[in-house]
Structures are given as structure tokens and as C-alpha cells.
Amino acid sequence: GAILGMKKTEITRKLDEIIAFAELEKFIDTPVKHYSSGMYMRLAFSVAASLEPEILVVDEVLAVGDAAFQKKCLGKMGEVSGEGRTVLFVSHNMTAMRSLCNRVTWIDKGRIIEEGESSRIISRYLQTSISTLSDVIWDDPATAPGNDKVRLHRARIQPMDGSPVDSITVRKPFIMEFEFWNLVPDAYLNLSLHLLNDEGVTLFNSGPLDEVVWHGRPFPVGLFRSFCCIPGDLLNDGTHRVQLLVVRDQSVVIFSHDDILVFEVHEEAESRTFWFGKWAGAVRPRLEWHTELVEVQQQSNFAGVGEIMLPTDSEGNNSNFAVERAT
């Protein structure tokens with residue numbers, strides 16, 4: 001605190017607040033040399049946030065700590081910015097960046113690539129930084145991703161009624177297919193698929209729990225194929241990524257592969273009949289809606305189009321109100 005410019009009286013006054021925010025009450029008497037990197041970061045952020053600076057510079061503080069502490073940090077930075085002070089937030093966490101910042105500067109190798117409104121710059125950054133992977137094959141089990149228990153052979157995505165070169169759109173159903181070698185006899189295996197959007201938000205997790213042939217049965221050594229169907233009118237447009245887990249005994253992850261598939265879901269022009277902006281939300285299901293007439297009102301209860309119904313006295317004459325005809 002002193003190095004950052006806080007007076008001794010100010011440190012003393014805010015000591016309990018700093019310790020409480022860092023959640024280090026149990027360890028405050030432990031020598032700092034025994035702190036983990038996460039504990040260091042918690043304490044450092046807490047001290048910096050207590051400075052009440054005009055400009056708060058935060059570099060990847062959310063890379064450590066649990067989800068609750070990360071949320072607390074975001075809340076504190078939002079509080080600082082809401083008080084009219086400036087937060088300069090450096091991060092690869094696009095979800096936090098989008099929620100906290102109203103302007104973003106995209107920097108690559110020390111050079112400013114683009115600057116502007118956060119949603120636009122973040123979308124451009126994600127589109128540029130992620131390469132599409134829609135069909136990947138590993139022919140050699142010795143070098144394919146995996147270990148001594150399982151090896152991947154293929155992962156691909158394609159429209160359900162089309163060829164692999166056809167684009168995936170928000171309206172079309174499509175198939176995700178995975179092939180893998182099981183290398184251990186009598187292994188009880190299943191796949192677990194995590195689908196994430198371009199902000200790293202997990203949209204859903206799925207596995208073959210209702211698969212009727214092999215689920216719950218021991219796998220012999222050999223090549224297996226599993227696939228699932230994603231319905232149309234579910235995903236929003238944008239870049240999506242797949243994380244694939246191979247699970248033993250429905251509880252132990254024996255192999256994990258991030259970004260095994262990366263694909264773009266495209267907009268369909270005919271699906272837009274009244275709204276042409278970015279559709280909000282991580283998903284955009286086409287839900288079934290119904291509208292029904294609950295009660296018919298008498299026409300006399302409502303003003304006619306373009307006029308105002310005037311109140312009347314006991315004899316039915318209009319009361320003395322100054323009114324203009326509605327336009």
C-alpha cells in the first residue's frame with residue numbers, strides 16, 4: 001500500500017476492509033512468502049481497489065481465483081467506473097471485457113489493430129483469432145491426440161441434409177461426429193461434449209446417456225464412432241467451439257481436447273422479416289407461441305382513432321375541458 005502511495009493512516013483505516021475483500025482473514029498472520037500466486041493476486045487487487053484512484057489499471061487479475069472472487073472483482077471495477085473514475089482493464093476474458101468496458105483497444109504484438117465500441121471490436125477480434133475446424137482426421141493412432149487409453153481419429157460437422165461443404169445456418173439441423181480408438185479392453189467409456197460460443201460461455205453439455213447400443217456396456221479394443229444431432233433454430237449466429245471429453249465409468253475424464261471443432265453459424269436472410277440487428281442471447285430457439293383473445297371490450301369504452309373521448313356531465317353534455325384533437 002505504501003509503495004502505491006497510501007498513507008500509513010489510510011492503510012490502518014482500510015486494513016480490515018482490504019483483508020475482508022481479499023478473503024484472507026485466516027492467513028493474514030502467515031508470512032507472505034508462503035502465499036500462493038492466487039493469494040498474492042487477491043491481496044494486490046484488494047489494496048489497489050482501496051486506493052480510490054482516478055485511473056485503475058488492472059492486468060489479467062481475473063486469471064486467478066475462483067469464480068466468486070472473479071465476480072467480486074468485476075463488481076468492484078464496475079463500481080469504480082460508475083463513480084466517474086477510469087478503469088483500464090487488460091484481459092483475454094471476452095465476457096468480462098464485454099460486460100465491463102464500453103470501449104476496447106485491440107493490441108497485437110504491441111501494435112494497435114483497432115479501437116472502438118466493445119461489441120464490434122470483440123467480435124472482430126474473435127473472428128480473426130479463431131480458425132474454422134469443421135473436419136479433422138488423425139490417421140495414425142501413434143501420433144493422434146490422446147494417451148495410452150484412447151486416441152482420437154476424426155471429428156467433423158456437417159448439415160443434416162447437405163454436404164460437408166455447406167454452411168451451417170441458424171435454421172438448419174446439423175450433425176457432430178467423433179471417431180476414437182479405445183485401447184483398453186472392457187473399458188466403460190462415453191463422450192462428453194461442451195459447446196461454447198465466441199465469448200467462451202458454455203451453451204450446453206451433452207453426452208450419449210440415452211444411447212441404446214453401447215452405453216453402459218464394456219467397449220472392446222477398436223475404433224468407435226459417436227455422433228449427435230443439433231436441431232435447427234437453437235444456436236445464435238456467430239463462432240462456436242467444441243470441447244470433447246472422453247470419460248471412463250461416467251465419472252473420470254481420461255482425455256480432453258479443446259477446440260476439436262470450431263465452426264461458424266451463419267444468419268439466414270429469410271429468417272429476418274422484421275429485425276435486422278444482432279439477435280441478443282447465447283442461443284435463439286424458435287419457440288412456439290400462441291395468442292388468444294381473452295375478452296371483447298365494448299367499442300364505447302375506447303377512444304376512436306385520432307380522437308379523445310370527453311367526460312360528460314349528468315345530462316350527457318361534455319364537461320368543460322380544453323382539449324385538442326389527437327393527431
**Q** Tell me which donor-acceptor pairs under 3.5 Å the side chains of residues 183-191 have, and how far apart each pair is, sequence neighbours excluded?
**A**
none

**Q** Among all residues two or more places apart in sequence or in another chain, which pass the salt bridge (Lys or Arg N to Asp or Glu O under 4.0 Å) test with R217?
**A**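 Scan of R217 (salt bridge (Lys or Arg N to Asp or Glu O under 4.0 Å), adjacent residues dropped) gives none.
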**Q** Is the backbone of D249 close enough, under 3.5 Å, to the side chain of S251 for a donor and an acceptor to pair up by distance?
**A**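 At least one qualifying donor-acceptor pair exists.
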**Q** Under the side-chain hydrogen bond (donor to acceptor under 3.5 Å, both in side chains) rule, collect the residues that match up with D259, sequence neighbours excluded.
**A**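 D259 satisfies side-chain hydrogen bond (donor to acceptor under 3.5 Å, both in side chains) with R241 once adjacent residues are dropped.
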**Q** Taking the side chain from S118 and the backbone from C101, do they hold a donor-acceptor pair closer than 3.5 Å?
**A**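 Answer holds: yes.
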**Q** Would you find a donor on one side and an acceptor on the other, under 3.5 Å apart, between the side chain of S46 and the backbone of R42?
**A**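 Not a single qualifying donor-acceptor pair exists.
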**Q** Hydrophobic cluster mates of L245, side-chain heavy atoms under 4.5 angstrom, ILVMFWY only, any path?
**A**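 Its cluster mates, by chain and number, are V247, V253.
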**Q** Has F227 got more than 12 heavy atoms of other residues, nucleotides or ligands less than 6.0 Å from its CZ?
**A**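 Open: at most 12 neighbouring heavy atoms sit under 6.0 Å from CZ of F227.
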**Q** Please check if the side chain of R151 supplies one atom and the backbone of N147 the other of a donor-acceptor pair under 3.5 Å.
**A**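 Yes; at least one donor-acceptor contact below 3.5 Å.
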**Q** Would you kindly check if the NZ (Lys) or CZ (Arg) of K72 is within the cone defined by 45 degrees around the ring axis of F21 and under 6.0 Å from the six-membered ring centre?
**A**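 Pair K72/F21 counts as cation-pi.
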**Q** Parallel, tilted or perpendicular, judged at 30° and 60°: which one describes the rings of H257 and W138?
**A**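 Answer is tilted, since the angle falls between 30° and 60°.
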**Q** Who pairs with D233 by salt bridge (Lys or Arg N to Asp or Glu O under 4.0 Å), at least two apart in sequence or on another chain?
**A**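 R171.
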**Q** Give a yes or no on whether the backbone of P220 and the side-chain of N182 come within a donor-acceptor separation of less than 3.5 Å.
**A**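 Yes: the side chain of N182 pairs with the backbone of P220.
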**Q** Between R225 and E177, does any NZ, NE, NH1 or NH2 come within less than 4.0 Å of an OD or OE carboxylate oxygen?
**A**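 Salt bridge: yes.
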**Q** Which residues pass the salt bridge (Lys or Arg N to Asp or Glu O under 4.0 Å) test with D16, sequence neighbours left out?
**A**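 Residues passing salt bridge (Lys or Arg N to Asp or Glu O under 4.0 Å) with D16: none at all.
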**Q** Between the side chain of N236 and the main-chain N/O of G281, is any donor-acceptor distance below 3.5 Å?
**A**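 Yes; judged by distance alone, with no hydrogens or angles, the pair exists.
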**Q** Is the gap between the ring centers of F263 and F174 under 6.0 Å?
**A**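 Yes, the ring of F263 comes within the 6.0 Å limit of the ring of F174, centre to centre.
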